[in-house]
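Report on the following structure.
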Amino acid sequence: MIDARISFKEIRELDEQGKNSRVFLAYDKNLDSNLVIKEIKKDKFDCDEYFNEARKLYQSSHPNVVQIQYAAQNDNFIYLGLPFYERGSIKGLMSRNNLTCHEVIRYSIQFLSGLYHIHTKGLIHFDIKPDNILLSERNEALLSDFGLAEKIDNDGFATPTKIYTKFQAPEAFGTYDLDFTFDIYQAGVTMYVMAVGLSQFEKEVQQIISTGNPIDEIINGRFPLKNYPPHIPLSIKKIINKCLEKNTKDRYKSVQLILNDLSKINNSDSLHWRMFSEKEKTIWINDASNANLKLEFDIVNGSCYGTKLLSNGNRQRISSYCMDAVKESDLRSILTK
């Protein structure tokens with residue numbers, strides 16, 4: 001047996017620290033590359049438990065799955081080395097701007113392709129959320145963080161060691177024998193956050209916490225609220241809502257079926273509206289096909305005003321977008337036609 005010396009220089013810690021671990025950006029001089037290093041204390045856990053993550057990822061090589069670069073240990077720590085993606089995560093991207101429907105569809109197809117591959121290997125991920133979907137240099141979504149993943153048994157079930165409440169499927173509160181539909185529910189929550197935005201989702205989380213019984217809200221299918229902004233078309237809402245069904249028998253039976261339905265949505269200019277929220281206004285901007293359209297909804301007086309950017313830099317009023325006493329159905333008609 002030959003011991004290898006772990007050699008890398010820490011650059012900075014990343015915002016993903018745990019009680020018995022830390023995550024940091026490091027430079028590996030042997031690889032001449034920046035890596036994300038997960039450092040786990042050995043005195044608290046079984047080494048095999050953490051090397052399992054590396055093994056599971058190696059079993060699941062796929063373009064939309066983040067791959068372990070190496071796994072190592074010394075007397076005190078276990079180390080997992082992963083690629084560093086400068087673009088960060090879907091959550092980080094959403095913290096800067098809401099996504100367009102086109103982006104929701106594209107990123108969802110990509111991370112779900114990775115999830116489908118994981119399922120074909122007999123693994124349930126158990127921790128699908130925007131934080132765990134990274135963006136490659138080519139701006140493609142990759143599924144990451146397999147620390148909670150488990151292998152299914154002969155009956156197609158697995159029992160997670162732990163799961164997190166706000167992304168937990170209703171059935172998990174009654175049994176720990178879970179199947180692939182658990183991941184489908186979490187994928188639905190993730191797509192819902194991508195569609196409505198981080199700000200609205202966090203408000204919904206606080207709303208169910210304020211009830212004093214958030215678990216009951218999840219079990220009864222009252223969370224997420226399924227309160228979509230008017231620019232989200234029915235085709236996307238139907239897909240997400242089917243993933244979020246409280247009864248597993250009513251959800252998609254496989255990730256492949258979700259991918260099929262997402263792929264059927266025809267690309268159009270209406271999928272390129274990006275929503276911006278201000279104190280007294282909601283604004284949508286659409287740059288598809290060089291349209292440069294802008295729709296402003298005044299929350300206070302309930303009116304909307306639409307313009308188009310001209311080549312000379314001036315904005316031209318669009319009369320069909322300008323209305324008083326606007327209903328949500330009016331906005332939806334403009335934004336999804």
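What you see is a predicted model, and the numbers here were worked out from it, not measured in a lab.
The hydrophobic cluster containing L331 also includes W273, M275, W284, L293, L295, F297, I299, I318, Y321, M323, V326, I334, L335, under a criterion of side-chain heavy atoms closer than 4.5 Å among ILVMFWY residues, counted directly or through chains of members. Through side-chain heavy atoms spaced under 4.5 Å, either directly or across other Ile, Leu, Val, Met, Phe, Trp or Tyr residues, I285 is tied to F276, I283.
Taken to the nearest 0.5 Å, the CD1 atom of I239 stands 7.5 Å off from the CE atom of M191. Note that CG of D287 is 5.0 Å distant from CG of N292, once rounded to the nearest 0.5 Å. For the atom pair S108 OG and I265 CD1, the distance stands at 9.0 Å (nearest 0.5 Å). From Q207, atom CD reaches atom CD of E217 across 8.5 Å, with rounding to the nearest 0.5 Å. With rounding to the nearest 0.5 Å, the separation of CG in N314 from NZ in K308 is 14.0 Å. Between the CG atom of D145 and the CD1 atom of I133 there is a distance of 11.5 Å, given to the nearest 0.5 Å.
Taking every heavy atom of both residues into account, P233 and C101 meet most closely at CD-SG, 3.5 Å. Pairing each heavy atom of N139 with each of Q110, the nearest pair is O-OE1, 4.1 Å. Smallest separation of non-hydrogen atoms from L115 and A187: CD2-CB, 4.5 Å. Nearest heavy atom pair, residue G197 against residue N98, reads CA-OD1, 3.5 Å. Scanning all heavy atoms of the two residues, the minimum distance from S263 to I109 falls at OG-CD1, 4.1 Å. Minimum heavy-atom separation, L244 to G188: CD2-C, 3.6 Å.
You'll find the side chain of L35 stays beyond 4.5 Å of the side chain of F84, heavy atoms only. Side-chain contact check for V23 versus E39: every heavy-atom pair is 4.5 Å or farther apart. Between E171 and F173 there is no side-chain heavy-atom pair separated by less than 4.5 Å. Proximity of P160 to L178: side-chain heavy atoms (C-beta onward) are separated by under 4.5 Å at one or more points. Using a 4.5 Å heavy-atom cutoff, the side chains of S270 and K337 are not in contact. A 4.5 Å side-chain heavy-atom check between L31 and F8 finds every atom pair outside the cut-off. Between I40 and R22 there is no side-chain heavy-atom pair separated by less than 4.5 Å. With a 4.5 Å cut-off on side-chain heavy atoms, F146 and H125 count as touching.
With sequence neighbours excluded, the residues forming a ring-ring contact (aromatic ring centres under 6.0 Å, His included) with F180 are H119, listed by chain and number. D261 pairs by the salt bridge (charged side-chain N to carboxylate O under 4.0 Å, His left out) definition with K264, not counting sequence neighbours. Qualifying ring-ring contact (aromatic ring centres under 6.0 Å, His included) partners for Y185, counting only residues two or more places apart in sequence or in other chains: none. With sequence neighbours excluded, no residue forms a salt bridge (charged side-chain N to carboxylate O under 4.0 Å, His left out) with R106. For R138, the salt bridge (charged side-chain N to carboxylate O under 4.0 Å, His left out) partners at least two apart in sequence or on another chain are E140. In this structure K29 satisfies the salt bridge (charged side-chain N to carboxylate O under 4.0 Å, His left out) test with no other residue, sequence neighbours excluded. The side chain to side chain contact (heavy atoms under 4.5 Å, CB included) search around E137 returns Y85, not counting sequence neighbours.
For residues 90-112, the pairs satisfying ring-ring contact (aromatic ring centres under 6.0 Å, His included) are H102-H272, with sequence neighbours left out. Counting only residues at least two apart or in different chains, side-chain hydrogen bond (donor to acceptor under 3.5 Å, both in side chains) contacts with residues 236-249 comprise Y228-N241. Residue pairs satisfying the ring-ring contact (aromatic ring centres under 6.0 Å, His included) criterion with at least one member in residues 298-319, sequence neighbours excluded, are absent.
Aromatic rings from F201 and F167 are positioned such that their centres are separated by under 6.0 Å. Under the 6.0 Å cut-off for aromatic ring centres, F126 and F182 qualify, their centroids lying closer than that.
The pair D216-R222 meets the salt-bridge criterion, with a side-chain N (NZ, NE, NH1 or NH2) lying under 4.0 Å from an Asp/Glu carboxylate O. We find that D127 and K129 are joined by a salt bridge, their nearest charged nitrogen and carboxylate oxygen being less than 4.0 Å apart. With respect to D298 and K281, no salt bridge is recorded, no charged nitrogen being found less than 4.0 Å from a carboxylate O. Contact check on E204 versus K226 returns no salt bridge, with no Lys/Arg side-chain nitrogen under 4.0 Å from an Asp/Glu carboxylate oxygen.
Without hydrogens or angle criteria, E103 side chain to T100 main chain gives a donor-acceptor distance under 3.5 Å. Side-chain atoms of K203 never come within 3.5 Å of backbone atoms of L198 as a donor-acceptor pair (strictly under, hydrogens ignored). In terms of modelled atom types and a separation under 3.5 Å, the side chain of R87 and the main chain of S136 share a donor-acceptor contact. One N or O on the side chain of S144 and one on the backbone of N132 form a donor-acceptor pair closer than 3.5 Å. In this structure, Q69 contributes its side chain and L82 its backbone to no donor-acceptor pair below 3.5 Å.
Within 6.0 Å of CG in N154 there are 12 or fewer heavy atoms belonging to other residues, nucleotides or ligands.
At a cut-off of 3.5 Å, with distance as the only test, a side-chain donor of T181 or D179 sits close to an acceptor on the other residue.
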Please assess N213 against T211 for the test side chain to side chain donor-acceptor pair (under 3.5 Å), listing each intermediate value before the final yes or no. CA-CA 5 Å; N213 194 354; T211 67; over 6 Å; no

Worked verdict on L143 versus N64 for side chain to side chain contact (heavy atoms under 4.5 Å, CB included): CA-CA 6 Å; L143 191 59; N64 295 108; over 6 Å; no

CA sep, side-chain torsions, deciding dist, call: Q200, N227, side chain to side chain contact (heavy atoms under 4.5 Å, CB included): CA-CA 9 Å; Q200 178 179 316; N227 183 20; 3.9 Å; yes

Does N286 form a side chain to side chain contact (heavy atoms under 4.5 Å, CB included) with R274? I'd like the steps, not just the answer. CA-CA 6 Å; N286 190 329; R274 192 180 307 279; over 6 Å; no

Candidate pair T161 and E150, rule side chain to side chain contact (heavy atoms under 4.5 Å, CB included), full reasoning: CA-CA 9 Å; T161 55; E150 297 290 344; 3.8 Å; yes

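Residues F157 and I124 do not share a hydrophobic cluster, clusters being chains of Ile/Leu/Val/Met/Phe/Trp/Tyr side chains in contact below 4.5 Å.
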